[in-house]
Enquirer: 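Dropping a structure here in structure tokens format, bear with me for questions.
Read the numbers this way: they start at 1 and go in the same order the structure lists the ligands and their atoms. Throughout, numbering of the chain's residues begins at 1 and tracks the sequence. Being a predicted model, the structure only gives us computed values, none of them experimental.
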Amino acid sequence: MTITARTRVAIVGAGPAGLLLSHLLAQSGIESIIVDQRSRDEIESTIRAGILEQGTVELLDTIGPASRARTVGHRHDGIELRFEGEGHRVDFADTVGRAVWLYPQHEVLKDLISARLAAGQDLRFGVTAEAVEDADSARPRVIARDADGERFVIEADFVVGSDGSRSIARAAVTGSMTGGYFREYPFAWFGILCEAPPSSDELIYSNSPDGFALVSQRSDTVQRMYFQCDPDTDTAAYSEAQLWDELQKRVPGTTLKEGPIFQRDVLRFRSFVAHELRRGRVALVGDAAHTVPPTGAKGMNLAIADVRLLAEALRTLLLEGDERLLDAYPETASRRIWKAQHFSWWMTSMLHVAPDATDFDRRRQLGELRTVVESAHGRALLAEAYCGWPLDA
Ligand code: DHB
């Protein structure tokens, strides 16, 4: 097959990780090609989580005014943990002097795509990567198929798989699509978007005998909420009135402001970390390397943290011929990955009610919540993880 493109870094996947990586590489004068099988419109309209760590916002600042996280997004200085009918505030400013921003992931994607296209980035939508080859050589390749079904090859100095949880690049690194540390959960989230005023200024993470609910926001007129459900739930099985009942009963002590529900989805829960994050001249970042359950919104933030490390490792490799940071990448990235795995698992297990939970489990869980909210150290531990550990650590 003929080689129809050459570049320094071939990036598979135009999610937040791939797009930010191309930006950071360009800042060092390193050119890249990004391919994604989805259309621009599909990428910009996929509904995902809405919380950005402070460090994520600071990195997005480097794309300039195209980042609207601070102007359109909202800074949040705390969250509420709610259980036994009472709310307990975890104040971020008081405990860790940091904050998060509520700014949905698809808005981040719009910002990154417009900034990259304005900078002349070679960004190819509707192009499906079919395989990554020759990881152990100095010229790894992406075998791709364009929108017309024509196959072509991108040859690069380095290939990055930022192609999400169903990554095709992963096989070039781990030898299989699935090889990794893995955990499933016996529940999922039913997510809704509705037209209503906010029910709360800050996010409410609520534990109740009926299960978990999260009250989040999108704007003054659109709200995002989730409630714990069975993973096999059919989104059409509930009437709007039933959805409001399910939500209301999971946030006892709060009255939700209701309005028309215009979008429903079920989010499945998995924890996953690939056994390997790099092989030769191919590395994985973001969901291609790991998945977290959504509680605590670590997914995109963790992807961004991987990218920050890998961008620096590629800069020293490609401009200085120094492989040390690249050799260290799997180990360095893994430290944060496993902290985020722990945090996401912890928030999930502390707040949800497992279908087989005993009375003992239930009372122990309430004891755990009380341990956190009644201790300045407990609140600080949670706030530190929620706002994000320093990216330089
Ligand atoms: C949102 C999602 C999360 O998983 C979370 O922990 C907080 C907020 C959201 O979509 O708004």
Enquirer: Using atom types as modelled and distance alone, determine if a side-chain donor or acceptor of Asp245 lies under 3.5 Å from a backbone N or O of Gln242.
Expert: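 No.
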Enquirer: Would you say ligand 1 has an N or O under 3.5 Å from any N or O of Pro294?
Expert: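 N/O-N/O distance below 3.5 Å exists for this pair.
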Enquirer: Is there at least one pair of N or O atoms, one from Leu102 and one from ligand 1, spaced under 3.5 Å apart?
Expert: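 Among all N and O atoms of Leu102, none is under 3.5 Å from an N or O of ligand 1.
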Enquirer: Pairing donors with acceptors under 3.5 angstrom, does anything connect the side chains of Gln217 and Glu202?
Expert: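 Absent: no donor and acceptor within the cut-off.
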Enquirer: Which atoms of ligand 1 sit under 4.0 Å from any heavy atom of Ile51?
Expert: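 Within the 4.0 Å cut-off of Ile51, ligand 1 contributes 7 (C), 8 (C).
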Enquirer: Going by the atom numbers of ligand 1, which of them fall below 4.0 Å from some non-hydrogen atom of Gly296?
Expert: 6 (O)
Enquirer: Once salt bridge (Lys or Arg N to Asp or Glu O under 4.0 Å) is applied, do any residues pair with Arg139, and if so which ones, sequence neighbours excluded?
Expert: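 If we apply the salt bridge (Lys or Arg N to Asp or Glu O under 4.0 Å) test to Arg139, skipping adjacent residues, the hits are Glu155, Asp157.
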Enquirer: Ring-plane angle category for Phe190 and Phe227, please: parallel below 30°, perpendicular beyond 60°, tilted otherwise.
Expert: parallel
Enquirer: Pick whichever of Tyr386, Trp189, Tyr226, Tyr205 has a heavy atom sitting closest to atom 5 (C) of ligand 1.
Expert: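 Looking at heavy atoms only, the winner is Tyr205.
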Enquirer: Tell me if the centroids of the rings in Phe212 and Trp189 come within less than 6.0 Å of each other.
Expert: yes
Enquirer: Taking only residues two or more places apart in sequence or in another chain, which ones pass ring-ring contact (aromatic ring centres under 6.0 Å, His included) with His106?
Expert: none
Enquirer: Give the contacting part of Ser216 toward ligand 1: side chain, backbone, both or neither, where contact means a heavy-atom distance below 4.0 Å.
Expert: side chain
Enquirer: Nearest heavy atom to atom 8 (C) of ligand 1 wins, so pick from Ile79, Leu203, Ile47.
Expert: Leu203
Enquirer: Is Arg183 positioned over the aromatic face of Tyr185, cation under 6.0 angstrom from the ring centre and no more than 45 degrees off axis?
Expert: yes
Enquirer: Arg218 near ligand 1, heavy-atom distance under 4.0 Å?
Expert: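 In this structure, Arg218 qualifies as a contact of ligand 1 - some heavy atom is under 4.0 Å.
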Enquirer: Can you list the ligand 1 atoms lying under 4.0 Å from a non-hydrogen atom of Ala49?
Expert: 2 (C), 10 (O)
Enquirer: Looking at Gly50, which atoms of ligand 1 are within less than 4.0 Å of one of its heavy atoms?
Expert: 1 (C), 9 (C), 10 (O), 11 (O)
